[in-house]
Amino acid sequence: MAVVNLKAVAHKAGVSLATASRVLSGSTYPVRDDLRQRVIEAAEELDYVPNAQAQGLLHGNPNTIGVLVGDTGDPFFSGIIAGIHQAATERRAMVTISNTRRDPQLELDAFRTLQGQRCGVVILAGSGYDDEDYQAKMEQRIRSFGRDGRATILIGRHELDVQAGRVLADNAEAGRLMGKHLADLGHRKIGILTGDPHISSTKDRVSGIMGVLPEAVALPVDPTRDGGYAGAQQLLAEHDDITAIAGTADQMAMGAMAYLREQGITVPQEMSVIGCNDIWPSRDLNPPMTSVRLPLEEMGAEAVKLSARTGDISNVDIELPVELIVRESTGPARS
């Protein structure tokens, strides 16, 4: 049996192909009532099923979710992606992941590509980037994306003047918990491995730590295990009086622990180490690493759920708690 297409419906209804398309696609283009009724009756009689992909080219497919992430290999982002996939599977939505390497231009280009592919939702998974040119261009992209009713969801703090739903975790509180935990153990002079200082989560965490420990020394490094390794080496070479190292992400703290182990510096007896995000390898280190837990999978799932809400979500902020997880990598400051 031949597949019934739009051309067959138009022929049976005695209308142009454009008119049939306007009626069956839900277009707001005006069509006479009698022609509209003829198209609807012809479609029902022929059992015409609209092509979802073709419909998406007109309106965007609400069951197609585009996700912009900094690094799919980073456990922080992979945790968020896991939550997105779980919630998307429950609503039978398809997910497209774009890996931007936290490059502002790549992020903007990837968003444009997702818009061109007619995704119905875009989730910007990762905190904002402190750059005026990037912010202005991202605001323009989000406004363009939303003109035909498509939704943007922001995970993390973004300084963007746009209509978008937001899923937040308090990174300043995460930093404060890190600083307070070390201060309660008697630490005063510590080193902070900060990652990219232009990213809002990094800035917030450093601010939270230094609000409790103002004598802390901050060192921007590559936000990876190897960056943390090199950063620990530099901190100890330049500041032999520090008693603890904090990583604004767990990978950097793990790299610091690897360097300390190679140098024969015991953790936590001679140097305490603390991280943030509580990615799954943290508990399996030797010693297990103290970290502040962010609900990464829940953040991803809540972003998908928020995108599925009816009505205006532009003023909806979902705030999720952070929690200090104390393990064996932190102890009293050495005298």
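Quick note: residue numbers are just sequence positions, from 1.
Among all heavy-atom pairs drawn from Gly300 and Ile155, the shortest one is CA-CD1, 4.4 Å.
The pair Glu173-Arg176 counts as a salt bridge, with a side-chain nitrogen and a carboxylate oxygen less than 4.0 angstrom apart. Under the 4.0 Å criterion applied to side-chain N and carboxylate O atoms, Arg32 and Asp34 are assigned as salt-bridge partners. A salt bridge does not link Arg102 to Asp71: none of the charged nitrogens lies less than 4.0 Å from a carboxylate oxygen.
Summarising the geometry, atom CG belonging to Asn171 is positioned 6.5 Å from atom SG belonging to Cys276; distances are rounded to the nearest 0.5 Å. A distance of 13.0 Å separates CD of Glu159 from CG of Asp131, quoted to the nearest 0.5 Å.
Around CD of Glu132, the count of heavy atoms belonging to other residues, nucleotides or ligands within 6.0 Å does not exceed 12.
Both Ile142 and Leu114 belong to a single network of hydrophobic side chains, linked directly or stepwise wherever heavy atoms of I, L, V, M, F, W or Y lie under 4.5 Å apart. Ile192 and Ile199 end up in different hydrophobic clusters when Ile, Leu, Val, Met, Phe, Trp and Tyr side chains are linked at under 4.5 Å. Hydrophobic cluster membership differs between Ile65 and Leu124, with clusters built from Ile, Leu, Val, Met, Phe, Trp and Tyr side chains linked at under 4.5 angstrom. Linking ILVMFWY residues whenever their side-chain heavy atoms come closer than 4.5 Å, directly or via other members, leaves Phe76 and Leu68 in distinct clusters. Under a hydrophobic-cluster definition in which Ile, Leu, Val, Met, Phe, Trp and Tyr are linked whenever side-chain heavy atoms come within less than 4.5 Å, directly or via other members, Leu285 and Ile325 are assigned to different clusters.
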>> What verdict does the salt bridge (Lys or Arg N to Asp or Glu O under 4.0 Å) test give for Asp240 and Lys189, after you've listed the backbone C-alpha separation in whole Å, the side-chain angles of each residue and the deciding distance to 0.1 Å?
In response: CA-CA 10 Å; Asp240 60 4; Lys189 185 70 175 289; over 6 Å; no

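When side chains are defined from C-beta on, Val69 does not count as touching Thr100, because their heavy atoms never get closer than 4.5 Å.
Using cut-offs of 30° and 60° on the angle between ring planes, the pair Tyr129 and His198 is parallel.
Side-chain atoms of Asp33 and Gln37 include no donor-acceptor pair closer than 3.5 Å.
Looking only at distances, no side-chain donor or acceptor of Glu302 sits under 3.5 Å from a matching main-chain atom of Glu298.
With Ser329 as reference, Thr290 is the one residue of Ile274, Ile245, Thr290 to meet the side-chain contact (heavy atoms from CB on, under 4.5 Å) rule. Under the side-chain contact (heavy atoms from CB on, under 4.5 Å) test applied with Leu193, the options Thr248, Asp222, Leu235 reduce to a single match, Leu235.
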